[in-house]
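As structure tokens, the structure follows; a few thoughts come after it.
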Amino acid sequence: MTDVVQAHVLTDGVFPGEKPAREGSLMTATRCELGVSCTTLSQLHFRVGGVAISGYEMLKALAGVRSHEHREWLPIVDNSQNMPELEQAMMDALRRHAGAHGILIRGHGLYTWGGDLEEANRHLEAILVCATGPGTGRSRIR
């Protein structure tokens with residue numbers, strides 16, 4: 001299941017005139033994949049703190065990536081119902097891995113983003129194909 005959220009950071013609710021949800025502070029043009037593959041991936045690699053993906057041409061769909069030799073690191077943070085705590089964990093992970101194009105929330109799924117919804121969609125598709133698609137092997141995902 002994929003949820004799509006397009007919002008202006010910290011200002012919009014889902015409907016006009018509505019206050020933003022607490023989760024809104026975590027999102028801009030954001031795509032979320034809540035499928036089994038990403039949820040399982042986040043559980044399997046949680047102890048190492050993330051998932052490294054490399055060797056796929058599809059990585060060039062990520063903003064700023066010019067070569068399949070790029071190593072994309074997807075940090076994993078523990079899930080929490082405490083939104084300020086989850087937001088802080090995500091911000092800390094993204095400060096440590098500033099070039100990341102996505103983040104996995106343990107047991108929940110993948111979040112990715114972009115400057116606009118088209119870029120966020122492209123990032124989601126590229127990460128899903130590389131991390132969970134056919135032919136993903138241990139040599140490329142660590």
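In what follows, every heavy atom counts, from backbone to side chain, and hydrogens, waters and symmetry copies are set aside.
Counting heavy atoms from C-beta outward, Ile105 and Tyr111 have side chains that approach closer than 4.5 Å. You'll find the side chain of His101 stays beyond 4.5 Å of the side chain of Leu74, heavy atoms only. Within the 4.5 Å cutoff, no side-chain heavy atoms of Trp113 are placed close to those of Leu124. By the 4.5 Å heavy-atom criterion applied to side chains, Asp78 and Phe46 are counted as neighbours. Contact check for His97 versus Trp73: side-chain heavy atoms found under the 4.5 Å cut-off. In this structure the side chain of Leu104 never reaches within 4.5 angstrom of the side chain of Pro75, judged on heavy atoms. With contacts defined as side-chain heavy-atom distances shorter than 4.5 Å, the pair Ile127/Leu62 qualifies.
When all heavy atoms are compared, the tightest approach of Thr112 to Ala120 is CG2-O, 3.8 Å. Residues Leu59 and His70 share a closest heavy-atom pair of CD1-O, 3.4 Å. Considering every non-hydrogen atom in both Ala93 and Val77, the closest pair reads CB-CG1, 3.8 Å.
Residues Leu44 and Ile76 do not share a hydrophobic cluster, clusters being chains of Ile/Leu/Val/Met/Phe/Trp/Tyr side chains in contact below 4.5 Å. No chain of hydrophobic side-chain contacts below 4.5 Å, direct or via other Ile, Leu, Val, Met, Phe, Trp or Tyr residues, connects Met83 to Met91.
How far OG of Ser42 is from CZ of Arg106: 8.0 Å, rounded to the nearest 0.5 Å. With values rounded to the nearest 0.5 angstrom, Leu86 atom CG is found 8.0 Å from His108 atom NE2. Here the CD atom belonging to Glu118 is positioned 10.5 Å from the NE2 atom belonging to His123, to the nearest 0.5 angstrom. Once rounded to the nearest 0.5 Å, the distance linking SG of Cys130 with CD of Glu72 reads 9.0 Å. Ile53 CD1 to Arg71 CZ: the interatomic distance, rounded to the nearest 0.5 Å, is 10.0 Å. Between the CG atom of Asp92 and the CD atom of Glu87 there is a distance of 10.5 Å, given to the nearest 0.5 Å.
The pair Glu125-Arg122 does not count as a salt bridge, with every side-chain nitrogen at least 4.0 angstrom from each carboxylate oxygen.
Here the options are Asp116, Asn121, Leu117, the test is side chain to side chain contact (heavy atoms under 4.5 Å, CB included), and the partner is Glu119; only Asp116 passes.
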